[in-house]
Visitor: 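What follows is a structure written as structure tokens; I'll ask about it next.
Throughout, protein chains are lettered first and strands after them, A, B, ... in sequence-line order, and every chain is numbered starting at 1.
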Protein chains: 2
Amino acid sequence: MHTIGEVAKILGISTHTLRYYEKEKIIIPVRDASGDRRYNDTHIKWLQFVIKLKETQMPIAKIKKYASLVLKGEHTTLERLSLLEEHKDSIKKQIRTLKAADEMLEYKIVAYKDFISKRD
Amino acid sequence: MHTIGEVAKILGISTHTLRYYEKEKIIIPVRDASGDRRYNDTHIKWLQFVIKLKETQMPIAKIKKYASLVLKGEHTTLERLSLLEEHKDSIKKQIRTLKAADEMLEYKIVAYKDFISKRD
DNA sequence: ATAATGATTAGAGTAAACTCTAAGTCAAGA
DNA sequence: TCTTGACTTAGAGTTTACTCTAATCATTAT
């Protein structure tokens, strides 16, 4: 069981952010005798998953939606599955966009290098 | 030569956004006799480039920086080149992140499908 | 015993990137 | 002539995702 400060350090995010995610019902830690938040390994794994989703541009609203489905129980698995499949599509699209931009930049960079070498 | 409304339609962005980019000195169109903005094909190509940079998560501040270098003239080509190379690195990183997330999602999706097929 | 550390809360403040409003000008078509 | 529609401006408002503040409480270190 970890305190909020420890979890913040482990995940590389701030305690503020962890409390914000709780306010948004993305993570619900347990409380110890004195009312402090406690996170177990399941909480941490869930947060690592949330961070992965965030890194791939899933908005907080959608992460919230997914979290609420998880809380609702097993009868939401189909809906969760389609949400994840939708996001997988979005990731594919992002990769395509990035690859196109990468090619364009490569082209521009070569043009710049060529220009510079001919000038100097 | 195109009006702001035409350019907005061509690029799929709003006239508000085009004026905002101008306020940020990212694009400086010319003006016609009655003071209206006019965009030529060079302006449009530049805006398409800006949109590509945006799609790959370059912040407005950095796009602004690049635009200012272009305005300053040929003696900034080296600096522009390194800015673009830096961004190309960031794109590579983004692709790696997305691929990792994609694999993780594939794994999760398979697990969900497995669970559902065994349950039904 | 006291000071430092780290936790708590409600709620205010911030940054980025738009997005919209209000009040106005101007040219073309019915 | 009137109206419609596109344009102009300065500046206010919105959304997202934090980020911080202030006041307070509990535990640990000297």
Side-chain angles (χ1 to χ4, degrees), chain A residues 1-40 43-44 46-68 87 90 94 97 101, chain B residues 1-40 43-44 46-68 87 90 94 97 101:
Chain A
M1 293 288 256
H2 308 271
T3 67
I4 194 168
E6 285 164 8
V7 174
K9 202 163 264 178
I10 291 166
L11 301 178
I13 62 179
S14 74
T15 58
H16 297 300
T17 302
L18 282 166
R19 292 200 193 91
Y20 166 69
Y21 286 172
E22 185 175 345
K23 194 159 64 187
E24 294 298 323
K25 301 196 185 67
I26 286 170
I27 173 95
I28 295 120
V30 293
R31 300 297 179 122
D32 69 10
S34 57
D36 289 12
R37 292 168 179 81
R38 291 291 170 163
Y39 301 79
N40 61 32
H43 290 129
I44 289 176
W46 165 247
L47 285 167
Q48 280 165 338
F49 179 61
V50 166
I51 288 165
K52 270 255 177 293
L53 294 179
K54 275 218 51 62
E55 278 175 356
T56 54
Q57 321 300 319
M58 188 185 281
I60 289 291
K62 207 161 179 187
I63 297 176
K64 244 169 106 164
K65 173 76 191 161
Y66 185 76
S68 88
H87 188 56
S90 128
Q94 287 180 64
T97 301
Chain B
M1 293 290 256
H2 308 272
T3 66
I4 193 168
E6 285 164 9
V7 175
K9 200 163 267 179
I10 291 166
L11 301 178
I13 61 179
S14 74
T15 57
H16 297 301
T17 303
L18 282 166
R19 291 200 195 91
Y20 166 68
Y21 286 173
E22 185 175 345
K23 195 159 64 185
E24 294 299 324
K25 300 197 186 69
I26 287 170
I27 174 91
I28 294 120
V30 294
R31 299 297 179 123
D32 68 11
S34 57
D36 291 9
R37 292 168 178 81
R38 290 292 171 163
Y39 299 80
N40 61 33
H43 290 129
I44 289 176
W46 165 247
L47 284 167
Q48 279 165 339
F49 179 61
V50 166
I51 289 165
K52 269 255 175 294
L53 293 180
K54 275 219 49 60
E55 279 175 356
T56 54
Q57 321 299 321
M58 188 185 282
I60 290 290
K62 207 162 179 185
I63 297 176
K64 244 169 108 164
K65 173 76 191 163
Y66 185 77
S68 89
H87 188 57
S90 128
Q94 288 180 64
T97 301

Visitor: Return the 5'-most residue of the pair Gly5(B), Lys23(B) with respect to DNA chain D, ranking by each residue's nearest nucleotide.
Guide: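 Going by which nucleotide is closer to the 5' end, it is Gly5(B).
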Visitor: Counting only side-chain N and O atoms of Thr3(B), is one of them less than 4.0 Å from OP1 or OP2 of dC7(D)?
Guide: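 Yes.
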Visitor: Within the structure, does a side-chain N or O atom of Lys54(B) lie under 4.0 Å from either OP1 or OP2 of dC18(C)?
Guide: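 Lys54(B) to dC18(C) OP1/OP2: side-chain N or O found under 4.0 Å.
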Visitor: For DNA chain C, whose closest nucleotide is more 5', that of Ala61(B) or that of Asp36(A)?
Guide: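 First, find each residue's nearest nucleotide; the 5'-ward one identifies Asp36(A).
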Visitor: With a 4.5 Å cut-off on side-chain heavy atoms, are Tyr20(B) and Ile26(B) touching?
Guide: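 When only atoms from C-beta onward are counted, Tyr20(B) and Ile26(B) do not touch, as no gap falls below 4.5 Å.
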Visitor: Using a heavy-atom cut-off of 4.0 Å across all strands, would you classify Arg37(A) as base, sugar-phosphate, or nothing?
Guide: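 Sugar-phosphate, backbone atoms only, no base.
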Visitor: Nearest heavy atom decides the nucleotide; on that basis, is Gly35(A) or Met58(B) closer to the 5' end of DNA chain C?
Guide: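 Taking each residue's closest nucleotide, the earlier one in sequence belongs to Gly35(A).
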Visitor: Does the side chain of Pro29(A) reach to within under 4.5 Å of the side chain of Glu22(A), using non-hydrogen atoms?
Guide: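 Yes, their side chains come closer than 4.5 Å.
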Visitor: So, is Tyr21(B) close to the dA17(C) phosphate, meaning a side-chain N or O under 4.0 Å from OP1 or OP2?
Guide: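 Checking dA17(C) against Tyr21(B), no side-chain N or O comes under 4.0 Å of OP1 or OP2.
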Visitor: Take the protein atom OH of Tyr20(B) and the nucleotide atom C1' of dT9(D), then report the distance between them rounded to whole Å.
Guide: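 Whole-Å distance recorded here is 18 Å.
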Visitor: Looking for any heavy atom pair under 4.0 Å, which part of the strands does Lys64(B) touch: base, sugar-phosphate only, or nothing?
Guide: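 Since no nucleic acid heavy atom lies under 4.0 Å of Lys64(B), the category is nothing.
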Visitor: Would you mind reading off the distance between Ile51(B) atom CD1 and dA17(C) atom P, rounded to a whole angstrom?
Guide: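 Spelled out: CD1 on Ile51(B) to P on dA17(C) is 15 Å.
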Visitor: Roughly, in whole Å, what's the span from NE2 in His16(A) to P in dG11(C)?
Guide: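 My rounded result for the distance is 18 Å.
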Visitor: Name the nucleic acid region contacted by Arg31(A), choosing base, sugar-phosphate or nothing; use a 4.0 angstrom heavy-atom cut-off, strictly under.
Guide: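 Sugar-phosphate only.
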Visitor: Quick one, Thr3(A) and Arg38(A) - any side-chain contact, counting heavy atoms below 4.5 Å?
Guide: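 Yes, at least one pair of side-chain atoms sits under 4.5 Å.
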Visitor: Between dA17(D) atom C1' and Gln57(A) atom CD, what is the distance in whole Å?
Guide: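 After rounding, the gap between these two atoms is 13 Å.
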Visitor: Do the side chains of Asp36(B) and Ile4(B) get nearer than 4.5 Å, heavy atoms only?
Guide: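 Sidechains of Asp36(B) and Ile4(B): no contact.
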Visitor: Between C1' on dA17(C) and CD on Glu55(B), what's the gap in Å once rounded to a whole number?
Guide: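 For the pair Glu55(B) CD and dA17(C) C1', the rounded distance is 16 Å.
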Visitor: Please verify the inter-ring angle class for Phe49(B) with Trp46(B); under 30° counts as parallel, over 60° as perpendicular, anything in between as tilted.
Guide: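 If you compare the ring of Phe49(B) with that of Trp46(B), the planes turn out tilted.
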Visitor: Ignoring the backbone of Ile60(B), work out which of dT8(C), dA17(D), dC18(C) is nearest its side chain.
Guide: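 Taking heavy atoms from C-beta onward, the closest nucleotide is dC18(C).
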Visitor: How many Å lie between CD1 on Ile13(B) and P on dT19(C), as a whole number?
Guide: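 So the two atoms are 10 Å apart, to the nearest Å.
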Visitor: How many whole angstroms separate atom CG of Asp32(A) from atom C1' of dC25(D)?
Guide: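 Whole-Å distance recorded here is 13 Å.
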Visitor: Roughly, in whole Å, what's the span from CD in Glu24(A) to C1' in dT19(D)?
Guide: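 Result: 14 Å.
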